[in-house]
Each structure stands twice: as structure tokens, then as C-alpha cells.
Amino acid sequence: MSTGTTPRTTRAAATPEAGKLASGRIGTFDLVFFVVAAAAPLTVLAGVAPFAIGIGGPGAPLAYLISGALLALFAAGFTAMSLHVRNAGAFYAYVARGLGGTLGVGTAYVAVVSYNLVTPGVAAAFGYFAAGSIRDSTGVDVPWWPLSGVCVLAVGVLGWLKVTLSAKVLGIALVLEVLSLVVMDVGIIGERGTAALDTASFAPSTLAAGGVAGMFVLVIGAFTGFEATAIFAEEVREPRRTVPRATFIAIGFLAVFYSLGCWLVMGAFGTDKAVELARAADGPELTFRAAESYAGPWLADAMHGLIVVSAFAATLAFHNAAARYLYALGREGLLPRRLGAVSGRHGSPGGAVVAQTAFNLAIVGAGALLAADPYGEVFLWTNSVGVLGIMGMQALAALAVWAYFRRDRHGLSAARVVWAPLVSCAGLAVLTVLAVVHFDLLTGRTGAVNTALLVPLPAVLAAGLLVALRIRRTDPERYASLTTVDVERD
């Protein structure tokens with residue numbers, strides 16, 4: 001959804017080269033739509049924020065701002081690295097360049113598992129929400145899995161076509177989500193006025209309450225997907241400006257939007273009452289109740305419908321990110337090379353799109369055969385593993401940025417490439433540990449189920465390390481190339 005004329009050189013660059021992703025097609029706001037839609041703001045404020053309020057109490061709005069600030073520090077170094085390393089396998093490429101090829105390959109395998117698990121999970125949530133909307137409007141019970149299957153296939157088609165088409169679809173979905181929440185916020189302020197604006201929610205003392213660690217686990221996960229700006233670095237116009245700009249716009253928007261939305265939902269009932277309601281059995285309906293009370297039943301109904309749109313948009317955004325990781329690793333020979341095939345007509349990662357679509361259908365089909373709950377099991381379990389993996393990779397990537405710039409800052413400030421990466425690495429590492437400790441908050445399960453869900457991440461990391469060590473032993477020249485992937489020189 002970029003505006004303005006396109007320079008002649010940019011148009012020429014947008015023509016796909018054989019075996020390469022089409023460059024120069026994605027503008028700043030296209031990229032913002034990709035990452036903000038992946039975060040699914042309506043789903044977060046309607047489906048996650050009430051749990052955060054219930055667990056952590058009145059400090060939830062402040063927690064969203066603090067999380068945004070931490071991720072902005074991470075983004076400072078992350079985007080500095082994007083000036084020098086542009087690769088569709090962003091985490092893998094960054095870690096390989098900063099911390100070595102062995103850990104880079106291990107990170108690559110974790111990235112593939114994480115992003116590829118999130119996508120079918122969100123597709124299952126789409127089926128769950130869509131089935132509920134159909135039942136509420138027609139009284140007909142439709143199984144969730146065929147609806148999820150349609151979502152997967154539609155997303156696959158959009159992923160195969162020009163990436164700009166996906167950006168337009170995501171833009172429309174995002175605008176509808178945001179408008180519904182803005183109408184709710186206006187209704188709350190219009191009726192309650194300053195009574196809805198309890199500044200006590202932003203007092204640091206609110207973070208001394210019990211459950212705040214668990215609250216941060218839920219809150220930080222709400223930003224998942226913003227790091228995908230670097231994944232599209234090979235396809236954007238003016239990557240030196242577009243990637244950093246889009247990253248900071250996305251983080252800033254999400255932090256303010258989440259914090260303001262959560263604050264006003266609490267203000268709709270009064271802070272203490274909102275915490276009490278969030279902890280009750282019907283706590284997940286807190287946002288919908290606020291919409292109905294201060295804008296009317298029509299808005300609550302519209303928001304229930306728009307959650308379906310939100311889930312579709314998130315599925316599309318994560319599908320595009322997952323496909324590009326498969327493409328990057330196929331291109332490097334770390335996965336079957338057919339995954340590195342590019343659609344000659346559309347310049348999309350065609351081989352990876354097909355593989356990712358098939359994987360999504362397999363997960364949805366397995367959930368149907370096992371009669372799994374589409375939200376409580378397929379969605380929560382796959383996304384819990386995926387979000388945990390992405391958080392861990394963010395911590396590693398921050399450390400890799402520091403290591404990369406340690407000897408040569410390339411003219412960048414120490415604040416951006418030394419202190420910001422180190423502080424964000426420490427914060428993200430702590431939050432990753434907290435996510436493991438409080439994994440039950442993400443999955444809704446305890447014991448053996450959580451153990452089984454946690455095993456894949458260290459297992460694939462170990463597999464990646466072994467693959468890298470084998471390559472180093474048998475093909476030193478190829479191993480050396482893994483630490484110099486797609487370096488952009490000034």
C-alpha cells in the first residue's frame with residue numbers, strides 16, 4: 001500500500017531474476033502490514049489481554065509499554081545488522097555472522113520449526129472462530145477443520161502470487177481490526193470520560209504484584225511477528241531505510257495500541273472491577289463486554305466476526321515468513337534444495353509455499369483425526385512452542401549483533417550496536433526462561449504434555465548443531481560460506 005511514483009530503477013529491480021525472490025516490491029507500509037497483522041491486534045486485545053489482566057493485575061497496560069521498549073532496544077541492533085546482512089533466513093543469517101556457522105545452523109532449524117508451527121496453529125484458530133460465527137448467525141454446526149483447510153489453501157494461493165497482493169489483503173484486514181477497537185475506545189471515553197483513565201495502572205508499584213512474571217510471558221508473546229521485517233529484506237525497496245523504519249513503526253504501534261486498548265478495557269469497568277472480572281469464569285469475554293456496553297451489541301458482534309479476519313491475516317503473515325525460512329535454508333542446502341525454488345512468474349518462494357501449505361494441511365488433518373480442540377490444543381500448543389522458539393532466537397540474535405559489531409561498529413553508535421543488544425539480550429533471555437517456567441500459562445496444560453511440547457526445540461537445535469559439525473568436517477569450504485551469507489557491503 002505504498003504511495004508515490006516508482007523510480008525506473010525500482011521497476012526494473014522488481015522483475016524476478018531466475019532463482020531469486022523478486023526484489024523492490026515491498027514498501028514500508030506493506031512491510032508494516034505484514035508484521036502487525038501477524039501480531040493480530042484484535043485477537044490479542046480480545047483473547048489474550050484479559051488473561052494478562054487476570055494474572056498480573058492493574059499493571060498490564062504498563063507491561064505492554066515496557067515490553068515494547070525492550071523490543072525497541074532489540075530492534076535497534078537488529079535493524080543495524082540488517083544494513084549489512086540481508087537474507088530471508090534473518091535469525092539464521094544473523095547468528096551465523098555473529099556467533100558462528102554451527103550455532104547459526106542450529107538456530108536455522110529452530111526457526112523453521114517455530115514459524116512452521118505457528119502457521120497451522122493460527123489456521124486452526126481461524127476454523128474455531130469461523131465455526132463459532134456460523135453457529136451464532138445460522139444455528140448450523142460446521143466442523144472447524146474444513147474451514148481451517150480452506151484458510152490454509154487460500155493462504156497458500158496468496159503466498160504463491162506476488163507478495164504485494166498479500167500485503168494488500170493484510171492491509172484491509174488490519175484496518176478493519178483497528179477500526180473496531182478504536183470505536184470501542186471512543187465509546188468508553190465518550191461515556192466515562194476521565195473516569196476511564198486510571199493513571200494508577202502505569203505506576204511502577206503495580207509490577208510488584210504476584211503473577212507479574214506470568215503476565216510478562218503473555219504480554220511479550222503478543223509482539224511475536226514484528227521481527228519478520230528482516231525476513232523480507234531481499235524483497236523490499238530501499239532496504240537500508242525500509243527495514244528499520246517498518247520495524248520501529250510496527251513496535252511503536254503495537255506497544256501503544258495494546259497498552260491503550262488494555263487500559264481502556266479496564267477503564268470501562270473500573271480497574272479493580274476489571275481485574276475481578278478478568279479472573280472470573282467469563283473473563284475471556286471482557287473486551288467484548290466492554291464493546292457491547294459502550295458501543296452496542298452490533299460492535300461486539302462485529303468484533304466476533306473480525307476475529308475470524310484477524311486469524312486469517314495472521315495465518316497469511318506467518319505463512320509468508322515460514323515459507324521464506326524454508327526457502328533460505330533450501331537455497332543454502334540445509335534443507336532439500338527444491339525448497340529454494342522460486343516462481344518465475346511471481347518471484348515468490350514457490351517450492352517453500354507448497355511445502356508449507358502441505359505441512360499446514362497435515363497438522364489440521366491430524367487435529368481433526370485426533371478430535372483435538374482447535375483452540376485449546378492445536379492453536380495453543382503449536383503457538384506456545386513457536387513463540388518460545390522465536391523468543392529464544394531473539395535473545396541469540398541480540399547477542400549475535402553485539403558480537404558482529406564488537407570489533408568494528410561500522411560508524412554506528414555504541415548505544416545502538418553495543419548497549420542496546422546487550423540489554424535486550426539479557427531481558428529476552430530472562431523472559432525466555434520465565435516462559436519455560438510458566439509454560440502452563442501458554443498451553444493451559446501441565447506435566448507430561450508440557451514436557452513433550454518443550455522437547456522439540458532443544459532437539460532440533462541439537463540436530464542443527466550436528467549437521468553443522470558434519471559439514472565442517474566433510475566440506476570446510478561450504479561451512480565457511482555459512483558464516484558469510486548474503487553480506488551487503490557498503
Side-chain angles (χ1 to χ4, degrees), residues 1-7 9-11 13-14 21-39 41 65 67-91 93-94 163-164 166-175 178 222-259 313 317 320-321 324 390 394 397-398 401 404-405 409-413 415-417 419-421 424 486-490:
M1 292 185 66
S2 58
T3 59
T5 58
T6 305
T9 53
T10 301
R11 290 185 185 277
L21 298 175
S23 63
R25 283 186 170 168
I26 301 176
T28 298
F29 287 101
D30 296 329
L31 197 51
V32 170
F33 291 146
F34 271 114
V35 298
V36 176
L65 288 181
S67 297
L70 175 63
L71 293 175
L73 287 176
F74 168 77
F78 191 65
T79 56
M81 194 80 158
S82 74
L83 302 177
H84 301 275
V85 182
R86 295 173 196 157
N87 187 290
F91 281 133
Y94 290 12
V163 70
T164 48
S166 291
K168 289 179 173 60
V169 172
L170 292 172
I172 294 169
L174 182 60
V175 167
V178 170
F223 291 83
T224 300
F226 83 88
E227 71 289 337
T229 50
I231 296 174
F232 294 93
E234 296 179 42
E235 302 166 80
V236 299
R237 293 191 290 272
E238 301 181 77
R240 294 182 66 85
R241 291 195 300 172
T242 299
V243 172
R245 185 187 300 162
T247 304
F248 285 110
I249 289 174
I251 293 173
F253 172 82
L254 289 172
V256 173
F257 193 75
Y258 288 155
S259 180
N320 278 293
R324 279 154 180 79
I390 292 170
Q394 287 173 345
V401 171
Y404 179 79
F405 289 104
R409 299 209 306 264
H410 296 275
L412 298 171
S413 69
R416 182 174 182 183
V417 297
W419 298 113
S424 61
D486 288 338
V487 181
E488 294 285 340
R489 303 198 182 279
D490 297 326

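We're numbering straight along the sequence, starting at 1. Worth saying up front: this structure is predicted, and the values here are computed from it rather than measured.
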Can you name the closest pair of heavy atoms from [X] and [Y] and give their distance?
{"X": "P41", "Y": "V36", "value": "CD-O, 3.4 Å"}
{"X": "V417", "Y": "A80", "value": "CG1-CB, 3.8 Å"}
{"X": "A222", "Y": "Y258", "value": "O-OH, 2.9 Å"}
{"X": "A415", "Y": "P421", "value": "O-CD, 4.5 Å"}
{"X": "A255", "Y": "G68", "value": "CB-CA, 3.9 Å"}

Ring centres of Y94 and Y404 under 6.0 Å apart? no
Does the side chain of F223 reach to within under 4.5 Å of the side chain of L70, using non-hydrogen atoms? no
Could you verify whether a donor N or O on one side chain and an acceptor N or O on the other, from R416 and T79, lie under 3.5 Å apart? yes
Rounded to the nearest 0.5 Å, what separation is found between the CG atom of L73 and the CZ atom of F78? 14.5 Å
